[in-house]
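Worksheet: the structure to be examined is printed underneath.
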Amino acid sequence: MEICKHKKMCGGCQYMGTEYPKQLEIKKDYCIKLLEKASIKNKVVAPTNGVSNPYFYRNKIIVAFNNKYEYGLYEENSHKVIPYQRCLLHEEISDQIIHKIAMLFKKYRVSIYDEKRQRGLIRHVLIRRAVKTNQTMVVLVCNEEVFQGSKNFCNEIIKAFPTIKTVVLNVNKRKTSVVLGDKEKVLYGKGFIVDELCGINFKISAKSFYQINHDQCVEIYEKAIDLLELKGNEIVIDTYCGIGTIGMVASKKAKQVIGVELNKDAVFDAKNNAKMNNITNIQFYQEDATQFMQQMANKKQKVDVLIMDPPRAGSTKEFIDALKVLKPKKVVYISCDPSTQVRDLKYLHNIGYHFNTLYPYDMFPFTKHVETVCLLTKL
Ligand code: SAH
């Protein structure tokens, strides 16, 4: 077993040092305890679906720099940079690119942002990898719109790493710990990379959500679609749809899919992705998922199947009240935080939707996080 040299200083890997099969067991037990605590009885928690290689899975990394041009993650609950050379969750090429970027910043004397004085240019660097197509995106998060010397910087970094297909300058002038700002300027390439997932190509831009662990994401989507047993005549709603990934996979087996997502960049990508893949039976709407559900309920629209994949905060009671009116026959709930999912499962239980089995998936080996999938049907 490889062990990280940085002794959990960054706060990222709670289970570094724990044997992998044990990690899977811990995650299953966690789900069992959550159900017990919520008094949800007589349910099965399946063994956690693990990965063949628990290392190097993160396709997105974000680092900060200190004024010595060292880079790393922030120490837990602080903004102190913990410098690292090699993170065992990153692909090696991502760390090599960051290393080169740090050397170029030093060479060109690019200033590093100082939070206290709110001065300096570079706040973060984000690397995103499309692992299936081997394309890389570099995002420089800056405190200003202008990066003097960006041409030379781009030329050098692209020459060193030809998989870099685009370099984006993201402007974030706000006093916030949110990494990305709203405004963007493409310094090189098209501003997006393309990855392949479940046989579909997806354009991914800097700001849209894309699952971190490609291979495990495929497993989760396949499970969700299998559980739904689509026949081809269903109307499916994909709520919290991101760039439309799962909905587009489902669209091949359904009559019509409607995707809803709050983030406007993700919806923009989703629409383009449908076009790029010649998928014509899917529409996307940029809206709050709860409000969208309420509007659908008011219009008494027909919905056969509902997919929900909310952020960690989970869904809302109002969303579930609207679901009650829409009466889909099947609901698949994918969650990145089972504690909020269990809360929502209780609401769903109260309106007559029941599940038998919760399927945990290890999307983030070595961390405490676990994803879960479950199918709910109306009795
Ligand atoms: N299903 C997608 C994304 C899941 S992540 C995938 O598998 O890739 C959760 C998504 O919910 C994010 O894209 C986030 O932008 C979106 N989101 C967060 N709050 C939302 C809300 N209130 N209404 C709609 N979408 C929301």
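Numbers for residues simply follow the sequence, beginning at 1. Only heavy atoms go into these numbers, but all of them, side chains included; no hydrogens, no water, no symmetry mates. Counting starts at 1 for both ligands and their atoms, following the listed order.
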Note down each nitrogen or oxygen pair, ligand 1 side and protein side, whose separation is under 3.5 Å; give only atom names and the distance to 0.1 Å.
from: ligand 1; atom 1: 1 (N); to: Tyr240; atom 2: O; distance (Å): 3.0
from: ligand 1; atom 1: 1 (N); to: Asp309; atom 2: OD2; distance (Å): 2.9
from: ligand 1; atom 1: 7 (O); to: Gln211; atom 2: NE2; distance (Å): 2.8
from: ligand 1; atom 1: 7 (O); to: Tyr221; atom 2: OH; distance (Å): 2.4
from: ligand 1; atom 1: 7 (O); to: Asp309; atom 2: OD2; distance (Å): 3.1
from: ligand 1; atom 1: 8 (O); to: Tyr221; atom 2: OH; distance (Å): 3.3
from: ligand 1; atom 1: 8 (O); to: Thr245; atom 2: OG1; distance (Å): 3.4
from: ligand 1; atom 1: 13 (O); to: Glu261; atom 2: OE1; distance (Å): 2.8
from: ligand 1; atom 1: 13 (O); to: Glu261; atom 2: OE2; distance (Å): 3.3
from: ligand 1; atom 1: 15 (O); to: Glu261; atom 2: OE2; distance (Å): 2.6
from: ligand 1; atom 1: 22 (N); to: Asp288; atom 2: OD1; distance (Å): 2.7
from: ligand 1; atom 1: 23 (N); to: Ala289; atom 2: N; distance (Å): 2.8
from: ligand 1; atom 1: 25 (N); to: Leu262; atom 2: N; distance (Å): 3.2

Using the salt bridge (charged side-chain N to carboxylate O under 4.0 Å, His left out) criterion, which residues pair with Asp29? Sequence neighbours excluded.
none
Would the number of heavy atoms belonging to other residues, nucleotides or ligands and lying under 6.0 Å from CD of Gln14 be above 12?
yes
Are there more than 12 heavy atoms of other residues, nucleotides or ligands under 6.0 Å from atom NZ of Lys378?
yes
Ignoring hydrogens and angles, tell me if any N or O in the side chain of Gln211 forms a donor-acceptor pair with the backbone of His214 under 3.5 Å.
no
Within the distance-only criterion (no hydrogens, no angle test), does the side chain of Asn172 pair as donor or acceptor with the backbone N or O of Val179 below 3.5 angstrom?
yes
In terms of heavy-atom contacts, does CZ of Arg312 have more than 12 from other residues, nucleotides or ligands at under 6.0 Å?
no
